Amino acid sequence: MKNTLISFIIYIFVLNSNTYSSEIKIEYKIDNQIITNIDIDNEIKYLQSLNKNLDDLSKKKIKEIALNSVIQEKVKYIELSKYFDFTLEDNELEKIIYQNLYNNLKLENRNQLNNYFNKYGLNLEDIFFKFKIELLWNKLIYEKYISNVVLDKKKLKDKIKEDISQKEPIEEFNLKEILFNVDNNETVENKYSEILQTINERGFENAANIYSLSNTSKYGGSIGWLKKTQLSKTIYSKIKTLGNSEISKPIQAGNGYLIIKVEEKRFINEKINEKEELEKLLRKETDRQLNNFSTIFFNKIKKNIIINEI
């Protein structure tokens, strides 16, 4: 009966696919979820739509990145299904998802989104579902771990006051990141050398796709512009002497390590609102700690899920 059901699911998938007519093959089974060769091909297109530099990698490496991405998504979906009903409509969530898509792709409306993803042979509804998984995952992590986040508000406030008191133009950085962990059989130095070699050969964006555990990995590690006041003292001390396009040494961040690339830096003459900067810094520090909890939680549930290659 189970085999019949799987065959039926694949048959329906083929009927709904307007981009493939080749043979469908199940590559992996994760609990009650399957991953087909079509899923992997579509994930490659999806990742390429977000980061065009991915085309510079070999087909084998791109497939490996896509497979890891699909597995991660399936694991999250299995866990999220215990807490959320994916069939329910959520207008507020829908607004957030589309706004994220507009901002990330610099588009203005749903018609432009449709046209953009159609060029890659992708369906906007499928893209929407992917973002829904990520947002619900972030919501779950927030609800589970927000009480564990520790913030030294006074320390952060003192930092901003110190920066503002210097009465100089505010330094601002356009940054990219790679967040990585080190396995038991690795050293930080060896992992950093491996990542650095990939950066030199394939570019920072592709290295972020391959190695980074951060949500920014799909966008080539792009963080965007941050003021000095929005950076921790540790990170600022590691990047303040870097020039444009230069890359930092590994910076410890929770249980992981950060590699920061300074795309560009500038000084701006702008009056800093202490209250607003403090709120931004508190949000950033909260996000950093929650991302750390997210990685730990994901690795924990992945260990308890059976992943079989077919």
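The figures here come from the full heavy-atom set of this structure, side chains too, leaving out hydrogens, waters and symmetry mates. Predicted model, so just to flag it, every value in this text is computed and none were measured.
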**Message:** Taking the six-membered ring for Trp, are Phe129 and Phe86 closer than 6.0 Å centroid to centroid?
**Reply:**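 Close enough - the centres of the two rings lie under 6.0 Å apart.
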[X] side chain vs [Y] backbone, donor-acceptor pair below 3.5 Å:
{"X": "Lys261", "Y": "Glu177", "answer": "no"}
{"X": "Glu277", "Y": "Glu274", "answer": "no"}
{"X": "Asn209", "Y": "Ser217", "answer": "yes"}
{"X": "Gln112", "Y": "Glu108", "answer": "yes"}

Examine the side chains of [X] and [Y] and answer whether a donor and an acceptor come within less than 3.5 Å of each other.
{"X": "Asn190", "Y": "Ser193", "result": "no"}
{"X": "Tyr28", "Y": "Asn308", "result": "no"}
{"X": "Tyr236", "Y": "Glu171", "result": "yes"}
{"X": "Glu194", "Y": "Tyr211", "result": "yes"}

Inter-residue atom distance [X].[atom1] - [Y].[atom2], 0.5 Å rounding:
{"X": "Ile170", "Y": "Arg266", "atom1": "CD1", "atom2": "CZ", "value": "13.0 Å"}
{"X": "Leu278", "Y": "Ile160", "atom1": "CG", "atom2": "CD1", "value": "4.5 Å"}
{"X": "Glu189", "Y": "Lys249", "atom1": "CD", "atom2": "NZ", "value": "10.0 Å"}
{"X": "Ile259", "Y": "Ser212", "atom1": "CD1", "atom2": "OG", "value": "9.0 Å"}
{"X": "Ser214", "Y": "Leu258", "atom1": "OG", "atom2": "CG", "value": "8.0 Å"}
{"X": "Asn291", "Y": "Ile141", "atom1": "CG", "atom2": "CD1", "value": "9.5 Å"}

**Asked** Does the side-chain contact (heavy atoms from CB on, under 4.5 Å) test come out yes or no for Asn148 and Gln289, once each step is laid out?
**Response** CA-CA 9 Å; Asn148 297 97; Gln289 293 186 37; over 6 Å; no
Taking the side chain as C-beta and beyond, is there a heavy-atom pair between [X] and [Y] under 4.5 Å?
{"X": "Ser248", "Y": "Leu242", "value": "yes"}
{"X": "Lys275", "Y": "Glu279", "value": "yes"}
{"X": "Thr295", "Y": "Asn255", "value": "no"}
{"X": "Leu50", "Y": "Leu105", "value": "yes"}
{"X": "Ile239", "Y": "Leu231", "value": "yes"}
{"X": "Leu151", "Y": "Thr286", "value": "yes"}
{"X": "Asn206", "Y": "Thr198", "value": "no"}
{"X": "Asn51", "Y": "Lys218", "value": "no"}

**Request:** Under the side-chain contact (heavy atoms from CB on, under 4.5 Å) rule, what do Lys161 and Lys157 come out as? Steps first, then yes or no, please.
**Result:** CA-CA 6 Å; Lys161 284 183 177 180; Lys157 188 181 290 186; 4.2 Å; yes
**Message:** Enumerate the ring pair (Phe, Tyr, Trp, His ring centres under 6.0 Å) contacts for residues 131-157, please, sequence neighbours excluded, ordered by first and then second residue.
**Reply:**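 As it turns out, the ring pair (Phe, Tyr, Trp, His ring centres under 6.0 Å) pairs with a partner in residues 131-157, which skip direct neighbours, are Trp137-Phe297, Tyr145-Phe293.
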**Contacts of Gln72 that satisfy side chain to side chain donor-acceptor pair (under 3.5 Å) - sequence neighbours left out** =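 For Gln72, no residue satisfies side chain to side chain donor-acceptor pair (under 3.5 Å) once neighbours in sequence are set aside.
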**Message:** Test ring pair (Phe, Tyr, Trp, His ring centres under 6.0 Å) on Tyr98 and Phe128; report intermediate values, then the result.
**Reply:** CA-CA 8 Å; Tyr98 280 112; Phe128 177 88; 5.4 Å; yes
**Message:** Show, in sequence, the C-alpha distance, side-chain angles and deciding distance for Glu27 and Thr36, and conclude whether the side-chain hydrogen bond (donor to acceptor under 3.5 Å, both in side chains) test is met.
**Reply:** CA-CA 5 Å; Glu27 302 273 359; Thr36 70; over 6 Å; no
**Request:** Could you go through the side-chain hydrogen bond (donor to acceptor under 3.5 Å, both in side chains) check for Asn244 and Glu263 one step at a time?
**Result:** CA-CA 5 Å; Asn244 292 348; Glu263 285 285 298; over 6 Å; no
